[in-house]
Amino acid sequence: MKNNIAVIILAAGKSTRMKSDTPKVLHNLCGRPMLGYVLDLVSSLKPKQVVAVLGFKQELVRRAIPKGVKISIQNKLLGTADAVKAGLTALKGFKGTVLVLYGDNPLLKKETLRKLLDYHIENNVDATLLTAQLKKPSGYGRIIRDKYFSICGIVEEKDADEVQKDIKEINTGIMVFKKESLSGNLKYIRADNRKKEYYLTDIIGILAKKKYLVDGFKVEDSQEALGINTRAELAKANSLMRERINEKLMQDGVTIIDPASTFINFGTRIGIDTVIYPFTVIERGVKIGKRCSVGPFAHLREGTELKDDVTAGNFIEMVRAKIGAKTFVKHFSYIGDSSIGACVNIGAGTVTANFDGLRKNNTVIKDRVCIGSDTIIVAPVKIGRDAVTGAGSVITKDIPDNTVVVGVPARILRKQGGKCG
Ligand code: UD1
Ligand code: CA
């Protein structure tokens, strides 16, 4: 019974207040569309069925929807009640609990949703709203309670009078229903409001009036309620999500010197005892081993992987770069499309020239190579193990193992085994 749940995710809206050509739910939060977090949340509940309601630029949003999630199209964006109606068409035959989530509500946590669902099911009510107490409730629907403190309606900010605007308890937009109580009463909703839309929120007043059981469940941490309608709210959500990511990494044994100036995206992996210095940006999917040192002012982009004990120091940019154990890239270098071995030293100011105007080319640097300061490596190129490049050299051809090269373009100076210098 507990998991006899269907979820409707509303994601058809137009992002009017974002002033964007991109659908709002595809705007990024720590390197990933905000809808992704909502979808993860839903899959953690293991519901029987999931429907995403799409509309504005649905062909784009569709790409972010995993298999197993049904798609329902809302042809005209007539409001959240109309969107739920579209969602219900995909749930014919389903009996049980319907959870409605908004795609612009990515900070919600699964523990909260689980508690809300348990509360709803245990109390056997018709509708339970997740509410929040906000110091500044502006922009949200306000919860209206009667003299017995029972919820009797929701009034949208635009339609609220001054007294109602003063109410600090808000509608997070997350609601749970007995399916038949929802589907049987949507038809009573009218678009008689300032926006001329069919508001899902009106169903609460309708149910309360008809003596259905309506209840509220308050979220403890009101930050989870943040709905993203504007760019400013997007920035706020980014910073909250970033805090969560940093917190988790620190709990898992990573030192972050200054979390406030460290920007680590969703889906990165960092080993224990690695130290991240300030003003560092680490993008989605980057992997960093144990005991590494990253930054200050490092930018590690997609496809970058550092093995254990690597230093990626000041003013380093790396993209699609695999760096072997105990390798040093310490001062202002660009390493792109590269595979670098273990115990390599990359001198200050080294650049892999990976783009020839048409395509990206690879650089391979084998173990124990020593790249002199200010070397330009014109890819595609391979530098053999234990090779050394002189300061300021420009590498245009493959270099055999144990070879010292110098100059522009680099020529072989001598054969040499071993260490830098
Ligand atoms: C909504 C609630 C408000 C609540 C707030 C919480 C309504 C009427 N109001 O307001 O009470 O405090 O969320 O964040 O529900 N959508 C569709 N089709 C539509 C319209 C919207 O799918 O026709 C989707 C949007 O993509 C979005 C979600 O529904 O994901 C909510 O719509 P939005 O316009 O953001 O509602 P709010 O004004 O924020
Ligand atoms: Ca919203």
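Not measured: the values here are computed from a predicted model. All ligand and atom numbering here is 1-based and tracks the order in the structure.
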Just checking, is any N or O donor in the side chain of Y277 or D258 under 3.5 Å from an acceptor N or O on the other one?
no

Heavy-atom count check: over 12 atoms from other residues, nucleotides or ligands less than 6.0 Å from E247 CD?
no

Where is the nearest protein heavy atom to atom 11 (O) of ligand 1: which residue, which atom, and how far?
E156 OE2, 2.6 Å

Yes or no: does D104 have any heavy atom under 4.0 Å from an atom of ligand 1?
yes

For this output row, return yes or no: ring centroids of F266 and Y37 closer than 6.0 angstrom.
yes

Do other residues, nucleotides or ligands put more than 12 heavy atoms under 6.0 Å from K236 NZ?
no

Do you see a donor-acceptor pair shorter than 3.5 Å between the side chains of K178 and N124?
yes

What salt bridge (Lys or Arg N to Asp or Glu O under 4.0 Å) pairs are there with at least one residue in residues 73-98, not counting sequence neighbours?
none

Does ligand 1 have a heavy atom under 4.0 Å from the side chain of A225, from its backbone, from both, or from neither?
neither

Can you find a heavy atom in the side chain of L234 that is under 4.5 Å from one in the side chain of M18?
yes

Mark up the atoms of ligand 1 that fall under 4.0 Å of a heavy atom belonging to K24, in ascending order.
35 (O)

Numbered in order shown, the ligand 1 atoms found under 4.0 Å of a heavy atom of T172 are 6 (C), 14 (O)

Taking only heavy atoms of A83, which atoms of ligand 1 are found under 4.0 Å from at least one of them?
17 (C), 18 (N), 22 (O)

Around the Ca ion (ligand 2), list the protein N/O/S atoms within a radius below 3.0 Å, excluding water molecules.
D104 OD2, N229 OD1

If we number the atoms of ligand 1 from 1 as shown, the ones under 4.0 Å from a heavy atom of Q74 are 17 (C), 18 (N), 19 (C), 22 (O), 23 (O)

Using a 4.0 Å heavy-atom threshold (strictly under), name the region of R17 that reaches ligand 1: side chain, backbone, both or neither.
side chain

Side chain, backbone, both or neither: which applies to L78 and ligand 1 if a contact is any heavy-atom pair less than 4.0 Å apart?
backbone

Among all the protein's non-hydrogen atoms, which is closest to atom 28 (C) of ligand 1, and how far away is it?
Y102 CG, 3.7 Å

Do we see a donor-acceptor contact under 3.5 Å between the side chains of T280 and H299?
no

Should you measure from each heavy atom of G103, which atoms of ligand 1 turn up under 4.0 Å away?
30 (O)

Under the criterion side chain to side chain contact (heavy atoms under 4.5 Å, CB included), which of D337, I335, T352, I340 is the partner of T363?
T352

Taking 4.0 angstrom as the limit and counting only heavy atoms of G141, give me the atoms of ligand 1 inside it, by number and element.
3 (C), 4 (C), 11 (O), 12 (O)

Proximal ligand 1 atoms for T201, defined as those under 4.0 Å from one of its heavy atoms:
7 (C), 8 (C), 9 (N), 11 (O), 15 (O)

Please verify whether a non-hydrogen atom of N229 lies at under 4.0 Å from ligand 1.
yes

